[in-house]
Engineer: 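Sharing a structure here in structure tokens format.
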Amino acid sequence: MEKSLLLLFAVTLLSVGCTDAGESKGSIHKEKERSKRQALKHLTVTTIMEQPFSMKTESGMEGFCIDLLSELAQSLGFNYTIKEVKDGRYGAKDQDGNWNGMVGEVLRKEADLAVAPLTITGARERELAFTKPFMQTGISILLRKDDVSENSYLFGFLTPFSKETWIGILVAYVVTSLCLFLVGRLSPCEWTELSTEQNNFNFLNSLWFGVGAFTLQGAEPHPKSVSARIIAVIWWIFSIVLVAAYIASFAAFLNSDSMQTTNIQTFEDLVNQRTLEFGTINSSSTFQFFKNSKNPTYRMIYEYMDKRKDELLVKSFAEGVRRVKESNYAFLGESVMQDIMVAKHCDLVRAPQIIAGRGYGIAASLDSPLIKPLSVAILEQTESGNIEYLRKKWWDNTCNMKRSAGWNPVQPHTLGGIFLILGIGLALGVIAALVELVLKARNNADQQKKSCCSAFSEEMGERLGTNKENQGASDSAKS
């Protein structure tokens, strides 16, 4: 009996202990959830003044990052206080191994979040936790359009037409000259007396006549026959249309960004030139990329900047842009930021090459419970198109409003109609010359009592010079 009572007492104690343990686990879980919710209630956010991400106004701050932070706060239900980073830096290790800028403030718990165009790098990822990127970027070269090499403009006058169009024009010119030369020999109205009269439309004169049409001045000799005049009129119309198209395309080219294409297209071009100095923001992720790169070209860029870092490295993106505008300086930095400057400053251009693809993310401490919900919220904002809307809102391209929408060189299919008309005109001119020659041969046949075919072949042979060659060959055979 006593054993049964002891066993019953032990079972009762075990059940009570398990219940207490379950309740304690549940209370711990609830306490963690409560702490997370409390952590999300009010946050301190650090940012950096960088247009158009964050900008000071009379009423506070505005910009892409400010709007994004407002959307995230509304989605996750937290309040925040935003402040500017004290030292005006993004964040890098100093000589003592301490982090400065926004990264340092988050590490020192002076701020809960860093919301800015803060690049996600390996060094920063080891110290902080980042959300999913809210924007993708890379490294490119910002240049002033005045720094375009003179070689770019040496043959700039050929740019209004594409290569194919220029080849088509050259072929049309040669074919027209040949047709005019042929008509000048075949038409009896152009070359009446074969023995005493010299043919005005020899090949050189035919070429000269075609060139004169392009100058809109004309050139001698003037055509007399109907066939030659058909070819001349068609060629004049062709020349006028070409000149008008060239002038219109060249004017559009001069007013477009295409004229401002620099010879520096890649980082290799930048290293090989000797005209421009170049640099980036001191201790930035861009500088660290070139420092850690094993690519020979990128190593040369780093060594060049490191040797003269006091002269070439700048403290902020705005200072880099100012140096590009005011001196022979190329600024290496984030392509997204450079696109903003190109959109607002019409005298700037970005090189086409983009390297080191990376993203901008929101940073928090490694033990922060904020990263997961913020990443989910950023993905939701991206999927809903809100981030793209904010980008269009703040990436206002004032230069494009001043310039033409776009420019392309004139392609052959654009002028296909006038080439077709020229071909038809040339064919009509040659046919008209043959008709004139047939009429002349028929008249000679009636006078000389010959058949029309023999008179035509004889006339054709005399005009093309084949009769003289045959006569010379027969005389040499007889001798």
Side-chain angles (χ1 to χ4, degrees), residues 145 148-184 187 190 200-262 346 349 399-433:
K145 291 178 180 176
V148 176
S149 173
E150 293 181 359
N151 295 334
S152 301
Y153 298 105
L154 185 59
F155 295 100
F157 66 92
L158 297 176
T159 311
F161 290 158
S162 66
K163 293 180 181 178
E164 295 80 6
T165 304
W166 283 116
I167 293 173
I169 293 172
L170 181 61
V171 171
Y173 167 66
V174 174
V175 171
T176 302
S177 300
L178 287 173
C179 289
L180 194 58
F181 167 71
L182 181 62
V183 167
S187 174
E190 288 295 338
N200 290 328
F201 279 103
N202 55 40
F203 188 64
L204 290 179
N205 286 345
S206 300
L207 291 173
W208 176 245
F209 183 87
V211 172
F214 278 121
T215 63
L216 304 181
Q217 297 296 322
E220 293 184 352
H222 299 299
K224 297 179 289 184
S225 64
V226 174
S227 55
R229 287 178 179 179
I230 290 175
I231 293 177
V233 169
I234 292 297
W235 180 248
W236 287 338
I237 295 173
F238 180 82
S239 301
I240 291 172
V241 173
L242 279 185
V243 170
Y246 178 86
I247 292 173
S249 182
F250 195 55
F253 166 70
L254 293 176
N255 293 323
S256 70
D257 289 336
S258 302
M259 187 192 70
Q260 310 292 353
T261 301
T262 173
C346 302
V349 64
C399 289
N400 279 353
M401 299 171 68
K402 299 177 183 178
R403 300 173 183 149
S404 56
W407 175 88
N408 287 310
V410 177
Q411 300 295 329
H413 60 79
T414 307
L415 299 172
I418 193 63
F419 278 99
L420 178 61
I421 292 173
L422 176 65
I424 295 173
L426 295 179
L428 288 176
V430 173
I431 292 172

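Numbering starts at 1 and runs along the sequence shown. Excluded from the calculations below are hydrogen atoms, water molecules and symmetry mates; all remaining heavy atoms, backbone and side chain alike, are included.
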Engineer: Using modelled atom types only, decide if a donor and an acceptor are shared between the side chain of Trp236 and the backbone of Ala213 within a distance under 3.5 Å.
Structural biologist: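 The answer is no, because no donor-acceptor pair under 3.5 Å joins these two groups.
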
Engineer: Check whether any side-chain N or O of Ser177 sits under 3.5 Å from a backbone N or O of Tyr173 as a donor-acceptor pair, and report yes or no.
Structural biologist: yes

Engineer: Do you know which two heavy atoms are closest between Ala245 and Leu415, and how far apart they sit?
Structural biologist: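 Smallest heavy-atom distance, with atoms named: CB-CD2, 4.2 Å.
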
Engineer: Evaluate the side-chain proximity of Ile234 to Leu426: yes if any heavy-atom separation is below 4.5 Å, no if none is.
Structural biologist: no

Engineer: Within this structure, what is the NZ-CD distance for the pair Lys163 and Gln411, rounded to the nearest 0.5 Å?
Structural biologist: 11.5 Å

Engineer: Distance from Ile169 atom CD1 to Leu242 atom CG, nearest 0.5 Å?
Structural biologist: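 Separation between the atoms: 4.5 Å.
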
Engineer: Stepwise, does the side chain to side chain contact (heavy atoms under 4.5 Å, CB included) test hold for Thr159 with Phe250?
Structural biologist: CA-CA 8 Å; Thr159 311; Phe250 195 55; 5.9 Å; no

Engineer: Could you pull out the closest heavy-atom pair between Ser187 and Ser225, with the gap in Å?
Structural biologist: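 Taking every non-hydrogen atom into account, OG-CB, 3.1 Å.
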
Engineer: Can the ring centroids of Tyr246 and Phe161 be said to lie less than 6.0 angstrom from one another?
Structural biologist: yes

Engineer: In Å and rounded to the nearest 0.5 Å, what is the SG to CD1 distance from Cys179 to Ile230?
Structural biologist: 12.0 Å

Engineer: So which atom in Phe181 and which in Phe203 form the shortest heavy-atom distance, rounded to 0.1 Å?
Structural biologist: CD1-N, 3.4 Å

Engineer: How long is the gap from CD1 on Ile424 to CD1 on Ile431, to the nearest 0.5 Å?
Structural biologist: 11.0 Å

Engineer: Strictly distance-based, threshold 3.5 Å: is any side-chain N or O of Trp235 a donor or acceptor partner for the main-chain N or O of Thr176?
Structural biologist: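 Absent.
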
Engineer: Please report the interatomic distance CG(Leu422) to CD1(Ile237), rounded to the nearest 0.5 Å.
Structural biologist: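 So the gap between those two atoms works out to 10.0 Å.
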
Engineer: Keeping the roles fixed (side chain from Ser227, backbone from Ala432), state whether a donor-acceptor pair exists under 3.5 Å.
Structural biologist: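 Not at all, since once roles are kept as given, no pair shorter than 3.5 Å links the two residues.
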
Engineer: Flag the pair Pro160 / Pro409 as yes when at least one side-chain heavy-atom distance between them is below 4.5 Å, and no otherwise.
Structural biologist: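 Side-chain contact under 4.5 Å: no.
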
Engineer: Say you draw a straight line from CG of Leu207 to CG of Asn202; how long is it, rounded to the nearest 0.5 Å?
Structural biologist: 9.0 Å

Engineer: Counting N and O atoms only, with roles assigned by atom type, does the side chain of Ser206 sit under 3.5 Å from a partner on the main chain of Leu178, one being a donor and the other an acceptor?
Structural biologist: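 The answer is no, because no donor-acceptor pair under 3.5 Å joins these two groups.
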
